[in-house]
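All values reported here derive from a predicted model rather than from experimental measurement. Every number for a ligand or one of its atoms is a count from 1 in the order of the listing.
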Amino acid sequence: MPEGVASGLEKGAPVRLDKVSFSYGSHGSYGEAPLVFDVDFATAKINAIMGPSGSGKSTLLNLVAGFETPQSGRVLIGGADVSAEPPSARPVSMVFQENNLFAHLSVEQNVGLGRSPSLRLTEADRAAIAGALARTGLAGKERRLPRELSGGERQRVALARVLVRDRPVLLLDEPFASLGPALRDDMLELVAAVHAERGMTILFVTHQPEDARRIGEHMVFLDNGLVAATGKADDFFAGAGPEAFRRYIGAGAGGAVSRDVARKRT
Ligand SMILES: Nc1ncnc2c1ncn2[C@@H]1O[C@H](COP(=O)(O)OP(=O)(O)OP(=O)(O)O)[C@@H](O)[C@H]1O
């Protein structure tokens, strides 16, 4: 990966979408309203991104990652305009809900890709990979193929790769949505612990209010292709969020603002 954009960035680079507009297909000519994002994410914090299905959460992450290109406006990471940069040149890592791994490569190789796309690894790379595998509870599973792992273990491999890449921005697109509640809890703990160590800026798309409540520090709420509200996650869950947010989590999680939902880490 080209190091140009990443080098010199401190941990937890600021991420900003400056009047970004985007529409799929024929640039909106069939009447689809464009998605418009004008937002600053909290630097070095865990930003929860929530909103109804179709509100634009994945599109927003893809614009930051470079898988989509704005029709107008700018994507700024660490103050630099990366709008024209391909994904590989952007100082970000991304973990999806699934399919993060290459099926024919071992755990160790999948993690190694975070260090070198050609898997030409130095001793220092190998040490970093071993450290990341230990950190994510995968020591001893180095030689396994992804199909020989559980769903949770596969997501741990993806997180181990994030660790060895060591980028200042981490994009998480519902990475634990297909895991059961106990496993999801473990993974949230791991993300929170990694964030405490590394301090990267995290953009965390989730449909689960309890997940956002548990590790989210800042909230970005999308509605209908727009940033409808932003603020401290605690304030949103204390009922100070917009009516649309209360309706959303009320409908989606049976009144998740109540106190008995997973308590936030301190
Ligand atoms: N590849 C695509 N081509 C055309 N339209 C798309 C494409 N991907 C998404 N859209 C549309 O863009 C809008 C935003 O979609 P997006 O996937 O970003 O929403 P989301 O908030 O992530 O939804 P979900 O919570 O269901 O994953 C939706 O109206 C969706 O139908």
Where ligand 1 meets [X] - atom numbers and elements under 4.0 angstrom, heavy-atom basis:
X     : value
Ser55 : 19 (O), 21 (O)
Thr59 : 14 (C), 15 (O), 16 (P), 18 (O)
Pro52 : 21 (O)

For this session: Consider every N or O of Gly51 and every N or O of ligand 1, then say whether any pair is closer than 3.5 Å.
Result: no
For this session: Before signing off on this row, confirm whether Gly54 and ligand 1 have an N or O atom pair separated by under 3.5 Å.
Result: yes
[X] (side chain) donor-acceptor with [Y] (main chain) under 3.5 angstrom:
X      : Y     : answer
Arg165 : Val92 : yes
Asp18  : Gly73 : no
Asp173 : Phe96 : no

Exercise. Evaluating non-hydrogen atoms only, which member of Ser23, Ala177, Ser58 is closest to atom 17 (O) of ligand 1?
Worked result: Ser58
Problem set entry | Heavy-atom nearest neighbour of atom 25 (O) of ligand 1 within options Met50, Lys57, Glu68 | Lys57
When you measure from [atom] to every protein heavy atom, which one gives the shortest distance, and what is it?
atom                    : answer
atom 26 (O) of ligand 1 : Ser53 OG, 2.5 Å
atom 19 (O) of ligand 1 : Gly56 N, 3.2 Å
atom 8 (N) of ligand 1  : Tyr24 CZ, 3.3 Å

Exercise. Is the closest side-chain donor-acceptor distance between Asn62 and Thr59 under 3.5 Å?
Worked result: no
Exercise. Is any heavy atom of the protein nearer than 4.0 Å to atom 22 (O) of ligand 1?
Worked result: yes
Exercise. Are any of the protein's heavy atoms under 4.0 angstrom from atom 14 (C) of ligand 1, yes or no?
Worked result: yes
Problem set entry | Side chains of Ile129 and Leu121 in contact at under 4.5 Å (non-hydrogen atoms) | yes
Problem set entry | Salt-bridge criterion met for Asp40 and Arg16 (N-O under 4.0 Å) | yes
Exercise. Does even one non-hydrogen atom of Gly225 get within less than 4.0 Å of ligand 1?
Worked result: no
Exercise. Given the rule in the side chain to side chain contact (heavy atoms under 4.5 Å, CB included) test, do Arg214 and Asp185 qualify, once you have shown the distances and angles that lead to the verdict?
Worked result: CA-CA 9 Å; Arg214 177 131 177 211; Asp185 253 26; 2.7 Å; yes
For this session: I would like to know whether Lys141 and Val157 meet side chain to side chain contact (heavy atoms under 4.5 Å, CB included); could you show each step before the answer?
Result: CA-CA 10 Å; Lys141 301 195 163 88; Val157 176; over 6 Å; no
For this session: Hey, can you tell me if Phe236 and Phe245 have their rings parallel, tilted or perpendicular (30° and 60° cut-offs)?
Result: perpendicular
